[in-house]
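All chains are named by letter (A, B, ...) in the order of the sequence lines, taking the proteins before the strands, and each is independently numbered beginning at 1. Below, all heavy atoms of this structure are taken into account, side chains as well, without hydrogens, waters or symmetry copies. Computed from a predicted model, the values in this text were never measured in an experiment.
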Protein chains: 4
Amino acid sequence: MPKKPTPPTKIEQTTAAGRDAMLSDVPDGELRKSDNTRMRILNAAAYVLSQEGYAGTKLADIARRADLRISTLYYYFASREELVVAVLLTGSTQVRKHTEAALAALAPGIAPIDRLAVAVESHLRYVLEISHYTEAAVRNAGQMPEHLRAEVEKEQARYGKIWQKLVDDAVMGKDYPSPNERRALRLLILGALNWTVEWWTPSRASVDEVVSAALKMTRRALGAR
Amino acid sequence: MPKKPTPPTKIEQTTAAGRDAMLSDVPDGELRKSDNTRMRILNAAAYVLSQEGYAGTKLADIARRADLRISTLYYYFASREELVVAVLLTGSTQVRKHTEAALAALAPGIAPIDRLAVAVESHLRYVLEISHYTEAAVRNAGQMPEHLRAEVEKEQARYGKIWQKLVDDAVMGKDYPSPNERRALRLLILGALNWTVEWWTPSRASVDEVVSAALKMTRRALGAR
Amino acid sequence: MPKKPTPPTKIEQTTAAGRDAMLSDVPDGELRKSDNTRMRILNAAAYVLSQEGYAGTKLADIARRADLRISTLYYYFASREELVVAVLLTGSTQVRKHTEAALAALAPGIAPIDRLAVAVESHLRYVLEISHYTEAAVRNAGQMPEHLRAEVEKEQARYGKIWQKLVDDAVMGKDYPSPNERRALRLLILGALNWTVEWWTPSRASVDEVVSAALKMTRRALGAR
Amino acid sequence: MPKKPTPPTKIEQTTAAGRDAMLSDVPDGELRKSDNTRMRILNAAAYVLSQEGYAGTKLADIARRADLRISTLYYYFASREELVVAVLLTGSTQVRKHTEAALAALAPGIAPIDRLAVAVESHLRYVLEISHYTEAAVRNAGQMPEHLRAEVEKEQARYGKIWQKLVDDAVMGKDYPSPNERRALRLLILGALNWTVEWWTPSRASVDEVVSAALKMTRRALGAR
DNA sequence: CATGAATGAGGCTTCATTCAT
DNA sequence: AATGAATGAAGCCTCATTCAT
């Protein structure tokens, strides 16, 4: 395992893979202490961001949750902003990868509307059940100061493209004739899914029920019988 | 210690009516100057909140936009929080009233799905075209500190009830059989509409196109052919 | 007296005149409280800068000396840097004005070497006896971060020009033939004078003795018999 | 608690000789690696101090320039302050030794004014051309916190004594009659020389020109011709 | 009514320093 | 002999808030 030069301060997406490695029980053998700590910080930041939002996220909270002092954060990230961007980037990348994987696993001949349904379920479950990173990304996308948006939006555009194709392929007949309408449709659907983070809590309804409703809504909206 | 003569500081929703009054050409004679100023502050705050989000909203920005000094804000509102709550309450109340009015204007025998469609259009246009207050309310609902949510959520619950009835009435046949699913459906639809504030800009598509897509999506989702 | 708009945060040289006004016993009548406080801050900063140097100057020290809280400094200056620049600019401007005044008061026909001598004495006494501002400017000219030097150096260049003329006029015969040498001579003399702030203390020798030595040195260096 | 095997941490002036040894091609066999590294650190610190000043000098800069990690510096120096003091002492000692050597090389019967001239040239060239150590010492003499000055000032007093004798011997006749004036004269001259570090850059004038001006100024100031 | 002035609390960041390896 | 990791102290700065006028 190659030693990184010195202070590991740089923005790199922390992939879901790396994160999972950390969450599993694999002994540290392959990881430097520093990787571990960096991950702990990112995890803590993702959680706080998902709960408190961009402006409410304080380094003190992140440090407390990571069981470190504030100044230690600066050993790994050059600034609060860099840390936030790293989380959001990770979050955006994670859903995308997760959904891409789900789609890749499908049989080749599957109907477009079914592909879209798979994406809906994958996205929704990831946001609600799995990743604070993605919840953070979803909730804070619009709350970030101008100069931080560029990077995050680029990643999100990538995901958006995938979805647009899913929607375009699934649209039947002559509904939603214009590209603008189909773009709107895609964003309305993703909005419906993303907005769940604002209202869903495990106590009132199961994820399954939400997924079920979302799937019906989408299938019908796209013209399935 | 009675300091301020008649401190007009009280949280009351500023209704759309009041607001419109202010925007119209009614001679000032009808209004105390203080009403005027209070309204200017609220308008400014609504705008800033809709753009910057809860945490990004600074009194300095509001004061600048209202062409006042910061300390003046305290003549009208006891605290930043009170001002914010006033805006969000106003925003929530405004859409509700607006949508209620639109529904009230309908012929009695109209089909439930059509009533829902009217609500969709009314809501969407209000958020996107008309009211910074409502945009502020929509975007910041989830970003507020715990102790401020109560009031705002109460108003929103009221609106939610109206919508739930619209959805329940419009659902056809045996789809969405459980109340939980129908609740999820309502929130998915409202989420789709509310999320538009995160992505819609006049430059890429007209409101009409978004409305059109939203109407189709809703009608189909609810089972209309 | 025209009211300044609002927060008086802007860099303007505080002229010796303004400062003297503040130091004298003239009742505040003509001055806003704000002018007074701004002056107190500048005075405090000048003192601290002259004693501690650029890097050693802490806002806490300045605030303490001005009998204010740190945050109050920000009501008058946008940043530590702006305050420092204001002091150095003031300091540079002060000596220049003081020396210009001394020169202006001379009889027209006076010999160039005598004009130079007047400048030497004026400069030296101002730095050692009168102005912390100028001492601050002298001691910190070279210690400032790159991006702050521009403004200060411009003012200093202005003073440098005056001195160069004094030196050029006073140089007799064929010594120091090249402009570069005369420039060096000017800077050596000013250096000798400025460096006094590093070693002079009232306890070891009187200002008069230093002035006397400096005058002799200069007169002889320039070729007077 | 004996931690470090042979912690070479001790304040000793690194003489010009030692430094030259390091710069020359003598095979490393003669030097412990640690000497080598210690020297690298000192050199780096001298450079940074000469450029940034006491307060602007960061261990990070020194480490970067020495191509080491910050923590390594602590293997050789107990603290930042100790390192700084070592540099300044070295710098002060270097000029003194250099000038002493130049004076020692003179013929015995040489005139006092010529001895002084030799010292002027030696000092000036050393500061401007040769040693960052001395430049550091010169520029930071007055910027150091109280508790660090003692050692440095002691060394500088030693050099001052030599200069005072040079000046006293060179003064002719009845000028500068009092010891205080002669002390002032010495410090004015040294000030003129030292201040050159604040303004001289190779691009505007050659060292020779500055030296020439300084020599003429000194000779004349002392009454030669 | 409105504001100028002042402040306290709290956040971000830098940096020298320590220590186990 | 050198370094990676972690930290405490201290500084700068922002911002909501107060209060006399």
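Put simply, B:Y75 has no side-chain N or O that comes within less than 4.0 Å of OP1 or OP2 on E:dA2. Under 4.0 angstrom from either OP1 or OP2 of E:dG4 there lies at least one side-chain N or O belonging to B:R69. Taking 4.0 angstrom as the limit, C:S71 places none of its side-chain polar atoms (N or O) nearer than this to OP1 or OP2 of E:dG8. Residue B:Y76 has no polar side-chain atom (N or O) positioned under 4.0 Å from OP1 or OP2 of E:dC1.
What separates OH of B:Y74 from P of F:dC19 is a distance of 12 Å, to the nearest Å. When rounded to the nearest whole Å, the span between NZ of C:K58 and C1' of E:dT13 equals 17 Å. A:E82 places its CD atom 11 Å from the P atom of E:dT13, with the value rounded to the nearest Å. The interatomic distance linking A:R64 (CZ) with F:dT7 (C1') rounds to 17 Å, in whole Å. E:dT14 atom P lies 13 Å from atom CG of D:D61, rounded to whole Å. A straight line from CG of A:L59 to C1' of F:dT14 spans 15 Å, rounded to a whole angstrom. What separates CD1 of C:I41 from C1' of E:dA5 is a distance of 11 Å, to the nearest Å. The interatomic distance linking A:I70 (CD1) with F:dA10 (C1') rounds to 13 Å, in whole Å.
Contact annotation: the side chain of D:L83 approaches that of D:L42 to within less than 4.5 Å [non-hydrogen atoms, C-beta and beyond].
Under the 3.5 Å distance criterion, the side-chain polar atoms of B:R65 are left unmatched by any main-chain donor or acceptor of B:R40. C:N140 places a side-chain N or O within donor-acceptor distance of the main-chain N or O of C:L49, the cut-off being under 3.5 Å.
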(request) Convert the base pairs of DNA chain E into dot-bracket notation, remembering that pairs crossing earlier ones are written with [ ] and that bases paired across to another strand are shown as |; include only Watson-Crick or G-U pairs under 3.5 Å. (result) .||||||||||||||||||||

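Side chains of B:H147 and B:E81: a donor-acceptor N/O pair is present below 3.5 angstrom, by distance only. With hydrogens and angles left out, the side-chain atoms of B:D61 and B:Y47 include no donor and acceptor closer than 3.5 Å.
Of the inter-residue distances, the one linking D:I41 atom CD1 with D:N36 atom CG reads 10.0 Å to the nearest 0.5 angstrom.
Of the two residues near DNA chain F, C:R80 and B:S79, the one whose nearest nucleotide lies more 5' is C:R80. Checking C:L73 against B:L73, the closest nucleotide of DNA chain E that is more toward the 5' end is the one next to B:L73.
Among the heavy atoms of the strands lying under 4.0 Å from B:L68 are primed sugar atoms or P, OP1, OP2 only; no base atom is included.
In this structure, C:R80 satisfies the cation-pi test against C:Y54, with its NZ or CZ atom closer than 6.0 Å to the six-membered ring centre and inside 45 degrees of the ring normal.
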